[in-house]
> 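Structure in structure tokens, see below.
Treat the numbers as computed from the prediction; the structure is a model and nothing was measured. Each ligand, and each atom within it, is numbered from 1 in the order the structure gives. We're numbering straight along the sequence, starting at 1. For the numbers below, each heavy atom of this structure counts, side chains included, while hydrogens, waters and symmetry mates do not.
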Amino acid sequence: MLRFLTAGESHGPCLTAIVEGLPAGLVVRSEDIDLDLRRRQGGYGRGARQQMERDAVQVLGGLWGGRTIGAPVSLLIANRDYENWREREVPPWTKPRPGHADLPGTQKYGLDDLRLVAERASARGTAAFVAVGALAKLLLATVDIAVGSYVEAIGGIMAELGDLSLDDRVARALESDVSCPDPGASERMRRAIDRARDGGDSLGGVIVVVATGLPAGLGTYAHWDRRLDGRLAQAVMGIQAIKGVEIGPAFENAELPGSQVQDPLYPGEDGPVRRTNRAGGVEGGMTNGEPLLVRAAMKPIPTMLSPIPTVDLATGGATQTEYQRSDVCAVPAASVVAEAMVAWVLADALMERYGGDDAATIQQRVRDDRT
Ligand code: EPS
């Protein structure tokens, strides 16, 4: 239904994306995309590169008069840092960072300069994901589906959120520079990031993406590759450094008996209602009308100031990693990226169920289904 492809390296001239399958008539303002690009660039714990970049999208095709016309949408985000690198002579990198794409990337492609692997493996590419996801969010917004996110943990420091509503979690995260709705935990997370920076280390964490306003029946149980939970997991694990994904409190559920896990149904005015959401909004690979909860674990970034043992591929001998400029913690940024990827999968599933060639038809079909 929907598909996109990105190209571009971290220190090349730009990132580009082509998005196919958006309906005609969708209002797109580049400011809406830039807002998410700015959110992704921010966050406590990022490195010097973010001071250089001012990510902003150029829409090069697929829009006319501020609306989609059913044609592929082409997006470009310039890399300002390109100018600093284009003439620079850089000796080949030969010391792979454990945990990074460096070593398996060179084994796969036979590139003798690890930098050539790192250029495309870089999380810089996630700026393109966010721009594409912003288009998906605009489509979802036309049928009142909202996608937001928050950071639940950084470096083992957990937010205490009690019964704070999902809307409040997402809204408060927007006010925190670590995207965490709990102000006390935010402060502790900042201090942990400071300690990691001082110690030449890096930190990972846990993020949660929340989608509300979803109709039931997006995705299907009928085919393994069209189950919504599987598609969400793939999309979120396609983000650099994301190593685990769960829908709802899946790992916690695995420790409990079924009677404490299933969300009981009760009669309501418009059909059965649930009072709990331990399924995280997905049953049988389909949305069930409850808020969707996607939780993801990000490992600590493999680029660290303090060296760790590695092998110099030029000599085969033992050596230590060399520092490359990087972020100490990119968990808040990853929450924006995960939001974009979840929005993408939901927009795709929406098109599958209600698809039409123009935005007004989709809106009408969703409205008819809801009434
Ligand atoms: C990254 C290394 C750093 C990060 C970069 C991801 O870039 P540089 O090597 O230019 O200092 O800042 O992330 C971004 C540029 C970005 O926009 O998120 C890496 O090696 O993955």
> Would R172 pass as a cation-pi partner of Y150, given that its NZ or CZ must be under 6.0 Å from the six-membered ring centre and within 45 degrees of the axis?
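So R172 doesn't make the cation-pi contact.
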
> Is R49 close to ligand 1, meaning an N/O of one under 3.5 Å from an N/O of the other?
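N/O-N/O distance below 3.5 Å exists for this pair.
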
> Any idea which part of H11 is under 4.0 Å from ligand 1, heavy-atom wise: side chain, backbone, both or neither?
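For H11, the contact with ligand 1 is made by the side chain alone.
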
> State whether a side-chain donor-acceptor pair under 3.5 Å links R367 with Q364.
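Result is yes, a qualifying pair exists.
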
> Would one find an N or O of T126, backbone or side chain, under 3.5 Å from an N or O of ligand 1?
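So ligand 1 has no N or O lying under 3.5 Å from an N or O of T126.
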
> Can you see whether R190 engages Y44 through a side-chain donor-acceptor pair at a distance of less than 3.5 angstrom?
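Side-chain D/A pair, R190 to Y44: absent.
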
> Hey, is Q240 one of the residues with a heavy atom under 4.0 angstrom from ligand 1?
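No, Q240 has no heavy atoms under 4.0 Å from ligand 1.
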
> Would one find an N or O of A121, backbone or side chain, under 3.5 Å from an N or O of ligand 1?
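A121 vs ligand 1: no N/O contact under 3.5 Å.
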
> Residue-level breakdown please: for R40 versus ligand 1, do any non-hydrogen atoms fall below 4.0 Å on the side chain, on the backbone, on both, or on neither?
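Only the side chain of R40 comes within reach of ligand 1.
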
> Any N or O of S326 that comes nearer than 3.5 Å to an N or O of ligand 1?
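So ligand 1 has no N or O lying under 3.5 Å from an N or O of S326.
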
> Of all the heavy atoms in A123, does at least one lie under 4.0 Å from an atom in ligand 1?
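It does, in that a heavy atom of A123 comes within the 4.0 Å cut-off of ligand 1.
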
> If I apply the N/O under 3.5 Å rule, does S122 come out as touching ligand 1?
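Yes; the residue has a nitrogen or oxygen that sits under 3.5 Å from a nitrogen or oxygen of the ligand.
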
> Should the proximity of R46 to ligand 1, defined as any heavy atom under 4.0 Å, be assigned to the side chain, the backbone, both, or neither?
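It is the side chain that touches ligand 1; the backbone stays farther off.
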
> Do the side chains of E322 and R97 get close enough for a salt bridge, i.e. N-O under 4.0 angstrom?
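So E322 does not pair with R97 through a salt bridge.
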
> Is the shortest side-chain N to carboxylate O distance from E352 to R231 below 4.0 Å?
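R231 and E352: salt-bridged.
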
> Can you tell me which portion of T303 lies within the under-4.0 Å heavy-atom range of ligand 1? Options are side chain, backbone, both, or neither.
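Neither; no heavy atom under 4.0 Å.
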
> Classify the side-chain pair R88/H11 by whether it contains a donor and acceptor separated by less than 3.5 Å.
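No pair is found: no donor N or O on one side chain lies under 3.5 Å from an acceptor on the other.
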
> Could you tell me whether ligand 1 has any atom less than 4.0 Å away from a heavy atom of Q50?
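Right, Q50 reaches ligand 1.
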
